[in-house]
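The structure under discussion appears below in the form of structure tokens.
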Amino acid sequence: MKEKLRQKLATDPVEDFRIDFEDGYGVRPDEEEDRHAQETARIVATGVDLPQRIGIRIRALSGPTQERARRTLQIFLENLGGQIPPDFVVTLPKITSADEVTQLVELLKPYPSIKIEVMIETPQAMRSAQHLVYACEGRCVGAHFGAYDYMASCGITSAGQTLLHPACDFARFTIQMQLADLEIPVVDGVTNLLPAGEQAMVHAAWKDHAECVHHALTCGIYQGWDIHPAQLVSRYAAIYSFFARNTITTGQRLKNFLAREQQATRIGAQFDDAATVEGLKNFFKRAVQCGALTADEVKQLTS
């Protein structure tokens with residue numbers, strides 16, 4: 001497993017990337033943001049060394065940032081020159097109503113291949129996640145949880161803000177429940193303790209991040225945001241160890257169930273029936289998708 005982790009970090013660490021013109025970018029003079037929108041679009045248009053998926057996060061399409069968001073997106077798309085990467089997405093933050101999603105759909109009408117991700121980070125969006133997806137008119141490919149905006153809106157101070165806060169679990173499960181029938185993946189938020197500075201600080205940040213990633217996995221969330229390159233180390237370490245620790249026992253349980261022609265089975269104190277076996281199958285599906293296991297390894301474990 002360690003060799004697989006090293007290989008992943010060496011060859012394909014960034015699977016999904018967003019060019020950020022929102023909070024991570026900050027407030028800039030219009031001329032500077034215009035120039036950056038042009039430059040980043042031209043880089044993307046070359047198609048050179050792009051990750052598997054790429055997109056852009058604009059500002060909110062409401063309030064004082066509305067016009068700036070529209071302008072940045074239009075400049076960016078015009079400077080792509082029609083060279084739109086496959087699966088290109090626009091991420092819309094701080095949504096409070098479906099009208100904002102409708103605005104984005106209208107802006108993207110000349111670009112039918114571009115997909116949309118909605119960010120769920122306000123109580124209003126939390127209550128209407130399903131409606132926001134419908135407002136995307138078939139373009140939605142993800143619902144991203146904005147944990148810190150959401151916790152702040154709930155009155156949680158910085159001293160208590162963490163992805164492990166019970167309010168975040170409530171939010172995750174609420175979004176998952178609303179979107180379960182739509183097969184829209186839920187994406188976890190960022191961990192803002194960065195692995196930078198002295199070694200002890202880096203290790204503490206890695207530990208915190210890995211714990212948050214592991215917690216998301218146990219909640220059925222398999223993708224999350226990273227805002228520092230060194231967080232890729234703790235992300236993949238947490239993901240690969242999550243699957244490594246459970247591979248043998250999960251394989252034995254699934255193999256036993258299939259050998260009994262899908263009748264309910266028991267290994268020691270562990271009882272499995274058709275319902276729990278779906279979780280076993282999902283375990284191996286996700287393990288293969290992330291690279292922790294190969295399809296051949298799964299076959300050997302379960303047959």
Side-chain angles (χ1 to χ4, degrees), residues 16-25 37 41 53-78 80 84-154 167-168 170-190 219-225:
D16 204 345
F17 187 82
R18 295 294 166 275
I19 300 165
D20 192 17
F21 282 97
E22 205 232 351
D23 286 349
Y25 180 71
R53 292 184 66 209
I54 192 168
I56 180 175
R57 180 169 72 162
I58 61 174
R59 301 179 193 276
L61 281 172
S62 62
T65 65
Q66 181 178 17
E67 289 307 312
R68 181 64 260 185
R70 296 172 67 93
R71 178 169 163 177
T72 297
L73 180 60
Q74 289 171 334
I75 291 173
F76 183 90
L77 294 176
E78 288 167 3
L80 281 177
I84 301 172
D87 301 319
F88 188 85
V89 299
V90 177
T91 306
L92 182 61
K94 294 181 174 58
I95 304 169
T96 57
S97 76
D99 290 342
E100 295 156 45
V101 180
T102 301
Q103 288 184 56
L104 180 56
V105 171
E106 188 66 25
L107 288 169
L108 294 177
K109 276 189 174 179
Y111 310 93
S113 68
I114 295 179
K115 305 301 182 183
I116 294 173
E117 294 169 332
V118 293
M119 292 200 71
I120 310 296
E121 46 190 344
T122 67
Q124 298 94 323
M126 194 71 60
R127 292 191 294 266
S128 58
Q130 192 176 86
H131 296 294
L132 300 182
V133 171
Y134 287 141
C136 292
E137 298 184 8
R139 292 182 187 250
C140 187
V141 293
H144 294 239
F145 175 42
Y148 293 93
D149 281 280
Y150 178 72
M151 284 187 282
S153 69
C154 292
C168 290
F170 171 79
R172 292 184 186 99
F173 298 142
T174 299
I175 300 169
Q176 286 172 304
M177 178 270 294
Q178 291 194 48
L179 303 185
D181 294 338
L182 304 179
E183 297 184 353
I184 301 296
V186 178
V187 180
D188 210 22
V190 304
C219 292
I221 296 178
Y222 301 95
Q223 185 179 351
W225 283 67

Qualifying residues under ring-ring contact (aromatic ring centres under 6.0 Å, His included), relative to Tyr25, sequence neighbours excluded: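 Once residues adjacent in sequence are excluded, the partners of Tyr25 under the ring-ring contact (aromatic ring centres under 6.0 Å, His included) criterion are Phe21, His36.
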Partners meeting ring-ring contact (aromatic ring centres under 6.0 Å, His included) with Tyr148 (sequence neighbours left out):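 With neighbours one apart ignored, the set is empty.
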Ignoring hydrogens and angles, tell me if any N or O in the side chain of Glu117 forms a donor-acceptor pair with the backbone of Gly142 under 3.5 Å.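 Not at all, since once roles are kept as given, no pair shorter than 3.5 Å links the two residues.
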Backbone N/O of Pro93 and side chain of Glu22: donor-acceptor pair under 3.5 Å: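 Such a contact is absent between Glu22 side chain and Pro93 backbone.
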Derivation of the side chain to side chain contact (heavy atoms under 4.5 Å, CB included) call for Gln124 and Ser97: CA-CA 7 Å; Gln124 298 94 323; Ser97 76; over 6 Å; no
To the closest 0.5 Å, what do you measure between [atom1] ([X]) and [atom2] ([Y])?
X: His144; Y: Gln223; atom1: NE2; atom2: CD; result: 6.0 Å
X: Asp87; Y: Ile54; atom1: CG; atom2: CD1; result: 12.0 Å
X: Ile95; Y: Leu104; atom1: CD1; atom2: CG; result: 8.5 Å
X: Leu61; Y: Glu67; atom1: CG; atom2: CD; result: 9.0 Å
X: Glu121; Y: Lys94; atom1: CD; atom2: NZ; result: 5.0 Å
X: Gln74; Y: Leu108; atom1: CD; atom2: CG; result: 10.0 Å

Walk me through it: do Leu132 and Leu92 pass the test side chain to side chain contact (heavy atoms under 4.5 Å, CB included)? CA-CA 11 Å; Leu132 300 182; Leu92 182 61; over 6 Å; no
In terms of heavy-atom contacts, does CZ of Phe173 have more than 12 from other residues, nucleotides or ligands at under 6.0 Å?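 Yes - once you tally the heavy atoms of other residues, nucleotides and ligands closer than 6.0 Å, there are more than 12.
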Can you confirm whether Phe170 is buried at CZ, in the sense that more than 12 heavy atoms of other residues, nucleotides or ligands lie under 6.0 Å from that atom?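 Result for CZ/Phe170: open.
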Side chains of [X] and [Y] in contact at under 4.5 Å (non-hydrogen atoms):
X: Cys140; Y: Val133; result: yes
X: Tyr111; Y: Leu80; result: no
X: Phe145; Y: Met126; result: yes
X: Arg53; Y: Val141; result: yes
X: Arg59; Y: Arg70; result: no

Testing the basics here: between [X] and [Y], what is the closest heavy-atom pair and its distance to 0.1 Å?
X: Thr65; Y: Ala60; value: OG1-O, 2.7 Å
X: Ala167; Y: Tyr150; value: O-CE2, 3.8 Å
X: Trp225; Y: Val190; value: CB-CG1, 3.3 Å
X: Met151; Y: Cys168; value: SD-SG, 3.7 Å
X: Ala143; Y: Leu179; value: CB-CD1, 3.5 Å
X: Val118; Y: Cys136; value: CG1-SG, 3.8 Å

Pair Val186-Ile120, side chain to side chain contact (heavy atoms under 4.5 Å, CB included): steps then yes or no: CA-CA 10 Å; Val186 178; Ile120 310 296; over 6 Å; no
Output, in order, the C-alpha distance, side-chain angles, deciding distance and verdict of side chain to side chain contact (heavy atoms under 4.5 Å, CB included) for Leu77 and Leu107. CA-CA 10 Å; Leu77 294 176; Leu107 288 169; over 6 Å; no
Side-chain donor-acceptor contact under 3.5 Å, Thr96 with Glu100: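 Glu100 and Thr96 do have a side-chain donor-acceptor pair below 3.5 Å.
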